[in-house]
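Counting convention: from 1, in listed order, for ligands and their atoms alike.
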Amino acid sequence: MGTKTETAPTTYTAIYTHMDKFVIQGGTPLHGAIPTSGSKNAALPAIAAALLTDGEVQLRRIPRVRDIRTMERLLEDIGTEVQVNGEDVTLQTRQIVSPEAPYELVKTMRASSLVLGPLVARAGRARVSMPGGCAIGARPINLHLAALEQLGATISQEYGYIEANAPRGLKGAHIRFDRITVTGTEDLMMAATLASGETVMENAAREPEVEDLARLLISMGAKIEGAGTSTIRIQGVDRLHGTDAPHIIIADRIEAGTFLIAGAITRGDVRVTGCVPEHLDALIAKMQQAGVQIGRGADWLQVTAGGPLRAVDITTEEHPGFATDLQAQYMALMTQAEGISLITETIFENRFMHAQELLRMGANIRLEGKQAIVAGQTTLSGAGVIASDLRASASLVLAALVARGETVVDRVYHIDRGYEQIEAKLIAAGADIQRVE
Ligand code: EPZ
């Protein structure tokens, strides 16, 4: 059959303990095509959705990144059979064996809380470790819990775990999120597919990943309308079945955006292929204002540096605004622009760790609360820097591509959580990057 199941590491910590570094020689403009992988943040809820049915859920274009392996591992613990064949993943949850997400996994990946909704809906019970703080802020899941309570679940908290119970099933309700939450919307959407009656979610996240999840759930028999808008309506059904046809995950817009910035920051000429240009409109508009030329086709974007780069301010917002997941990479770009740019982070309270490391490379950045003031046209020089979260790490790699001399980026496991073979893709476009242990 040619199907192979990847062997999972023996302990969860084994997933995270290897300490690779990138050694990057800067100064080469990138040229050529860079392909986009499937979206990590669309793939994570899609995998969790396999908990909703005893049928077979077939997924395609699943990026082989660490967070995905962690999620697959979590589902295996819960009772799912997981078959991985390259980027094709088949999942089948005949039975929920243990409706629990342990601390060891939740602490390394907050998206583990995506199993909460599906487990309560299917098994009537879920036990998920409290997420705790993470590098980019407190990131609670109170909104997921409040909404589940509205669907009739009883929530309790003990020994660092959150327990949700709904032994007689969930009931549709009218929910208005106090604040827009991406995984909260996804978690609730999954739960509501199996609740009795209608659920309306207002102030829902409009991210393309939410829409992609709705498409998958609909192909499993769910009744969902309005995904991609701020009001989503779900008519509960008694059961969901496996996917009618394999579900193809959307392109990773954050990865594509990172490569666009790589082209622009190195003053290169890069075509990012296999992406969805509309998902990147906010970034494209800012880059164009900054003087970068961007061509587009149905599924590609081409960046050509052209004239001088100008400083342009950004404020992160929920989709369709400027994505917080591209803020760090954009900051690296602004260190090279003429003038001063103001970068305002409104989604997470502590998402400027890359600024400290960029300073070590010679950038001129001042932090004032939610704002970073970046004075541009700085000559960056290679230094030893430490990756602190996924997107912060990407911004350091981008800075290293234009820095003079050699940059060593430590703790590359952060980047491996969400970028599929980033170094191979950049090397193919001319970058000088070596991965060393
Ligand atoms: C998703 O995280 C993404 N993760 C993040 O991507 C992304 O940065 C974020 O959305 C914002 O776009 C996945 O999709 C797996 P939120 P999520 O709930 O859902 C607060 C990356 O680099 N909040 O939309 O966890 C929260 O603290 C990652 O790939 C509550 O207060 O983010 C934050 O300030 C990192 N209570 C804001 O809302 C809650 O119950 C938005 O968070 C939930 C969230």
*asked:* Suppose we screen for ring pair (Phe, Tyr, Trp, His ring centres under 6.0 Å). Which residues come up paired with Tyr419, at least two apart in sequence or across chains?
replied: none
*Would His319 and Glu209 satisfy side chain to side chain donor-acceptor pair (under 3.5 Å), going step by step from the backbone distance to the final call?*
CA-CA 10 Å; His319 194 74; Glu209 293 77 19; over 6 Å; no
*Do Leu143 and ligand 1 have an N or O pair less than 3.5 Å apart?*
yes
*asked:* I'd like to know if Arg351 pairs up with Glu345 as an ion pair, taking the criterion as any Lys NZ or Arg NE/NH1/NH2 lying under 4.0 Å from an Asp or Glu carboxylate oxygen.
replied: no
*Distance only, no hydrogens: is a donor on one side chain within 3.5 Å (strictly under) of an acceptor on the other, for Glu202 and Thr231?*
no
*asked:* Regarding atom 35 (C) of ligand 1: of the candidates Glu186, Arg351, Gln327, which has the closest heavy atom?
replied: Arg351
_Please work out, at 4.0 Å between heavy atoms, whether the side chain, the backbone, both, or neither of Ile347 comes within that distance of ligand 1._
both
*Check ligand 1 against His144 and write out every atom of the ligand that is under 4.0 Å from a heavy-atom position of the residue.*
40 (O)
*Ala111 heavy atoms, cut-off 4.0 Å: which ligand 1 atoms fall inside?*
15 (C)
*asked:* Under the rule for side chain to side chain donor-acceptor pair (under 3.5 Å), what residues qualify as partners of Glu56, not counting sequence neighbours?
replied: Gln58
*Gln150 and His174 side chains, donor-acceptor separation under 3.5 Å*: no
*Check whether any N or O atom of Thr183, backbone or side chain, sits under 3.5 Å from an N or O atom of ligand 1, and answer yes or no.*
yes
*Counting only heavy atoms, which portion of Pro140 has something under 4.0 Å from ligand 1: side chain, backbone, both, or neither?*
both
*Which ligand 1 atoms are under 4.0 Å away from a heavy-atom of Thr324?*
8 (O), 11 (C), 12 (O)
*For atom 16 (P) of ligand 1, state which one of Leu145, Leu114, Val182, Asn142 supplies the nearest heavy atom.*
Val182
*Does ligand 1 have an atom under 4.0 Å from some heavy atom of Arg179?*
yes
*Which atom pair, heavy atoms only, marks the closest approach of Ser395 to His354?*
OG-CB, 3.4 Å
*Numbered atoms of ligand 1 (with element) below 4.0 Å of Lys40, judged on heavy atoms*: 21 (C), 29 (O)
*Which atoms of ligand 1 sit under 4.0 Å from any heavy atom of Arg110?*
25 (O)
*Heavy-atom distances under 4.0 Å are what count here, so tell me which part of Asp325 touches ligand 1: side chain, backbone, both or neither.*
side chain
_Taking the basic N atoms (NZ, or NE/NH1/NH2) and the acidic carboxylate oxygens, is any pair closer than 4.0 Å for Glu163 and Arg127?_
yes
*Measure Glu349 to ligand 1 on non-hydrogen atoms and call it side chain, backbone, both or neither using the 4.0 Å cut-off.*
neither
*Might you point out which heavy atoms bring Ala50 and Leu91 nearest each other, and give the distance in Å?*
CB-CB, 3.6 Å
*Taking heavy atoms and a distance under 4.0 Å, where does Leu390 meet ligand 1: side chain, backbone, both or neither?*
side chain
_Distance (rounded to the nearest 0.5 Å) between Lys40 NZ and Ile62 CD1_ = 12.5 Å
*Side chain, backbone, both or neither: Glu209 near ligand 1, heavy atoms under 4.0 Å*: neither
